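Small disclaimer: the values here were computed from a predicted structure and weren't measured. For this chain, numbers begin at 1 and follow the sequence in order.
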Amino acid sequence: MLKIKKYLLKFWPFMIVCFALLFVQSQAELALPDYMSDIVSTGIQAGGFDSPVADILSEETFDHVMLFLTDSEQITFQESYDFIKNKDISQSIKDLYPKIGDQNIYELKDLSSKEMDQLEDMLVKPMLMVMSVDSMDPESKEYQQMFANLPTGMDAYDAIALMPEEAKEKMAEAVDSQMETMGDSTMKIAAGNSVKAEYERLGRDVDAVSHQYIFISGLKMLGIALIGTLSAITVAYCSSRFGAGVARNLRKDVFNKVESFSNEEFGKYSTASLITRTTNDITQVQIVSMMMLRIIAFAPIMGIGALIKAITNSPSMTWIVGIVLLFITGVILVTFIVVLPKFKIIQKLIDKLNLTMRENLSGMLVIRAFGNEKHSEERFDQANQNLRDVNLFVNKAMASLMPIMMFIFNAVTLIIVYYGAKQIDLGNIAIGQMMAFMQYAMHIIMSFLMIAMIAIMVPRASVAAGRIYEVIATEPKIIDPKDPMPFINSKKGLVEFKNVSFQYPGAHEPVLENISFTASPGKTTAFIGSTGSGKSTLIHLIPRFYEATQGEVIVNGVNVKDVRMHDLRDVIGFVPQKGVLFGGTIESNLKYGAPDISDEELAEVIEIAQAKEFIDEKEEGLQSPIAQGGTNVSGGQKQRLCIARALAKKPDIYIFDDSFSALDFKTDAKLRKELNKLIQKTNSTVLLVGQRIASIMDADQIVVLDKGRIVGIGRHDELMKSCEVYQEIAYSQLSKEELENA
């Protein structure tokens, strides 16, 4: 993936937005278990009272608490509350605490969070001691031992006030011992219950407090969940835009690069491989690019955050998470080692499948003609079977992760419940904390599962990205010059070969050797020779489909290497040996190289190409549909349409690469006759490759090739006298009488 990082970094705004929102989403999801824990522990167990600090204290209770504070603590305690005489108590407080009666009260001041924390730590033990004394039954043995023989009118608090400091310290030690056995969680609930008891004495509806606490906490959870949901939706949108944008740019650059390839580069990459790289490989990169923002970034944030929360809230149970992480890491590593090597194989097998499918479709007529349907089916089945087997192996390995993770999930749940119950019994944690820890553990497991899934997908995408980059990074051997030269108008249409040789890359011998000739405007130069003599290769050097190994190819007075390829090909009308039509209509194909041609001019080139008759026979005429590849027209019709397309361009140079082979002799003769008129009219140059003597014998100049060399140049009658190779070709096709009458 690093090879295509520039495509990823182009969309950095989406990446930043996604990372920010993922952090918000993770914090929202990690906050929910805390609120759920508070609802269970504080809202339900403690009745909504989670602090030993009361908002309102009666004067009597305030004095009782003071008995258990040190001198410095008493000062802090008094400074934290305002004393309010009964007559000055507001009606709203009296409505909230209807049993205040004629009592004076103390109201909590507006304290800072630091002051509040200090006050809470200070009041835990005194509030527990007050609750302990208040809950004693005067008839109990314990009460009798501590407060026996009290004078009439004296209660337990009066006795405590008169106790020496040693007795008070002894009471405090007893409470400390009790607090140690309670555990932090139980102690917090117990301290809250002391406030609850005080509110009940003052007439406060404590059930309403519990309901209010649960309701407000629930609203907060809904709000946080909504924030998390909106963040997740926005991340999904941004990541989709990110992945689609990366894929679009990659496809665009791959297509543009492939368009710049010469035939040498096309020989390096098969068509099936280029199709796979442009479709399947880029799709793999797109999927992982999307998941990179949604999961790769989210899983670590979530996993680490959940781990920190679990350790902070329930440190006594963090060993469970440690064991789980070790087990999950082992499972992921084994899966990774087993599956990773298969991804490179998969992409190659997809190439093979595409190649087989493409060959079967393009060669369907040949397959049927030789009755080899069964062999083709077996060949395709084999390629399909190989891909299926590897995919099955990978998918089985991937699918096995989920049941393994679910087993770990359920096993961890059981362990947490079993060990958590013991911790609850000891008072170290509350039920809500255990439930929150369970959710944090699940977040950790799911985060590692997501990382495992990505860890397996990223290597496949990396392989795909490497294959894509390989195409993009390929430098075409044939490129435009840095300082292009313009054509010389006085030499318009002139084509010259000066000692040109050409050798295919990797070949041991040249295909063309020491080729020299001149094709003049207003004349037809034909090329003929046996199969493999280099005719098509020779004319492919003119539009620079191949680059001459030695010598110069000159068009319009300039070496083709010194002009821009677009300018060069703009002055050439090329008709390939195998006609190619594009999906659309007859008109769209004819206007492919000349979109601005007028209807009159289009009708003229159709007439010259001898295509008018069969076009007129179609109901929709020029608007008749052409299937992809021109499969709904015959070979002769396809050739005539390709010829008409080249004529419509009105170039300086026409190149016909054996483009009349599918025409009958009568149509061929008519077409050549009309073409000669056009040449004289436009003063264009015609280069014609032919296999039939009848198609080229009227040419102004005929170049005879044999084994890559020119063995004869001249007109038909001259070559019949001087060139043995030409004579052999002529006599193999026509009789002496036909040649003499030609």
Exercise. Will you find, in the side chains of N354 and T276, an N or O donor that is under 3.5 Å from an N or O acceptor?
Worked result: yes
Exercise. Parallel, tilted or perpendicular: which describes the rings of Y440 and H443, with under 30° parallel and over 60° perpendicular?
Worked result: tilted
For this session: Check whether any side-chain N or O of S37 sits under 3.5 Å from a backbone N or O of P33 as a donor-acceptor pair, and report yes or no.
Result: no
Exercise. Looking at F545 versus F261, is the centre-to-centre ring distance below 6.0 Å?
Worked result: no
For this session: First locate atom CD1 of I367, then atom NZ of K374, and finally report the distance between them rounded to the nearest 0.5 Å.
Result: 14.5 Å
For this session: Mark yes or no for whether R569, through its side chain, and P543, through its backbone, hold a donor-acceptor pair below 3.5 Å.
Result: yes
Exercise. Please walk me through it: do R277 and S273 pass side chain to side chain contact (heavy atoms under 4.5 Å, CB included)?
Worked result: CA-CA 6 Å; R277 293 170 198 243; S273 179; 2.8 Å; yes
For this session: Could you tell me whether I479 atom CD1 has more than 12 heavy atoms of other residues or ligands within 6.0 Å of it?
Result: no
Exercise. Only one of L250, L274, D253 forms a side chain to side chain contact (heavy atoms under 4.5 Å, CB included) with V471, so which one is it?
Worked result: L274
Exercise. Looking at side-chain heavy atoms only, is the closest gap between Q286 and V246 below 4.5 Å?
Worked result: no
Problem set entry | Heavy-atom pair with the smallest gap, counting every atom of I416 and M438 | CD1-CA, 3.8 Å
For this session: List the steps, then state whether side chain to side chain contact (heavy atoms under 4.5 Å, CB included) holds for N410 with L414.
Result: CA-CA 6 Å; N410 293 319; L414 288 173; 5.8 Å; no
Exercise. Going by heavy atoms in the side chains, are M302 and L30 under 4.5 Å from each other?
Worked result: yes
Exercise. Are any non-hydrogen side-chain atoms of F502 and H540 less than 4.5 angstrom apart?
Worked result: no
Exercise. Should we count CZ of F380 as having more than 12 external heavy atoms under 6.0 Å?
Worked result: yes
Problem set entry | Between CG on residue L622 and NZ on residue K591, distance to nearest 0.5 Å | 8.0 Å
Exercise. Is the closest basic N to carboxylate O distance between R467 and D351 below 4.0 Å?
Worked result: yes
For this session: Quick one: pull up CZ in F215 and CG in L219 and give me the separation to the nearest 0.5 Å.
Result: 4.0 Å
Exercise. What are the two closest heavy atoms between V553 and A548, and how far apart are they?
Worked result: CG2-CB, 4.3 Å
Problem set entry | Side-chain donor/acceptor of D480 to backbone N/O of R564, under 3.5 Å | no
Problem set entry | Any side-chain heavy-atom pair of L325 and V321 under 4.5 Å | yes
For this session: Kindly check if the number of other-residue, nucleotide or ligand heavy atoms within 6.0 Å of CZ (F327) is above 12?
Result: no
For this session: Would you check if the side chain of S447 reaches a backbone N or O of G303 as a donor-acceptor pair within less than 3.5 Å?
Result: yes
Exercise. Between OG1 of T631 and CE of M364, what distance do you get to the nearest 0.5 Å?
Worked result: 12.5 Å
Exercise. Does N589 use its side chain to pair, donor to acceptor, with the backbone of T585 at less than 3.5 Å?
Worked result: yes
For this session: Any chance you could measure I444, atom CD1, to K309, atom NZ, to the nearest 0.5 Å?
Result: 12.5 Å
Exercise. Is there a donor-acceptor contact under 3.5 Å linking the side chains of Y269 and T474?
Worked result: yes
For this session: Could you tell me whether Y419 atom OH has more than 12 heavy atoms of other residues or ligands within 6.0 Å of it?
Result: yes
For this session: Step by step, work out the side-chain hydrogen bond (donor to acceptor under 3.5 Å, both in side chains) result for Y7 and S289.
Result: CA-CA 10 Å; Y7 292 91; S289 298; over 6 Å; no
Exercise. More than 12 foreign heavy atoms under 6.0 Å from CZ of R241: is that the case here?
Worked result: no
Exercise. Does V558 offer a backbone N or O that forms a donor-acceptor pair with the side chain of D562 under 3.5 Å?
Worked result: no
Problem set entry | K638 (side chain) donor-acceptor with V633 (main chain) under 3.5 angstrom | no
For this session: Apply side chain to side chain contact (heavy atoms under 4.5 Å, CB included) to the pair I282 and I468, showing each step before the final yes or no.
Result: CA-CA 7 Å; I282 291 179; I468 296 165; 3.5 Å; yes
Problem set entry | Within-4.5 Å side-chain heavy-atom neighbours: M290 and F242 | no
Exercise. How about K561: does its NZ atom have over 12 heavy atoms from other parts shown lying under 6.0 Å from it?
Worked result: yes
Exercise. Is there side-chain contact between I39 and M221, with heavy atoms separated by less than 4.5 Å?
Worked result: yes
Seminar exercise, completed: All heavy atoms of L22 vs all of R294, minimum pair found to be CD2-O, 4.1 Å
For this session: Determine whether V575 and I655 make a side-chain contact, defined as any pair of heavy atoms from C-beta on separated by less than 4.5 Å.
Result: no
Problem set entry | Main-chain N/O of G584 paired to S588 side chain as donor or acceptor, under 3.5 Å | no
For this session: Inspect the surroundings of CZ in F23 and state if more than 12 heavy atoms from other residues, nucleotides or ligands are less than 6.0 Å away.
Result: no
Exercise. If you round to the nearest 0.5 Å, how far is SG of C18 from CD of Q25?
Worked result: 10.5 Å
Problem set entry | Pairwise side-chain contact, S231 with I227, heavy-atom cut-off 4.5 Å (strictly under) | yes
For this session: Scan side-chain atoms only and decide if E378 and Q382 contain a donor-acceptor pair under the 3.5 Å cut-off.
Result: no
Exercise. Would one find more than 12 heavy atoms of other residues, nucleotides or ligands at under 6.0 Å from atom NZ of K649?
Worked result: yes
Problem set entry | Heavy-atom pair with the smallest gap, counting every atom of A225 and L32 | N-CD2, 4.3 Å
Exercise. For the residue pair V560 and L541, what are the closest heavy atoms and their distance?
Worked result: CG2-O, 4.4 Å
Seminar exercise, completed: Heavy-atom closest pair (I626 atom, F582 atom, distance to 0.1 Å) is CG2-O, 3.6 Å
For this session: For side chain to side chain contact (heavy atoms under 4.5 Å, CB included), just list the numbers for M36 and M435, CA-CA rounded to whole Å, side-chain angles, deciding distance to a tenth of an Å, and then say yes or no.
Result: CA-CA 8 Å; M36 182 271 298; M435 296 172 66; 3.6 Å; yes
Exercise. Does any N or O in the side chain of D570 come within less than 3.5 Å of the main-chain N or O of H566, such that one atom is a donor and the other an acceptor?
Worked result: no
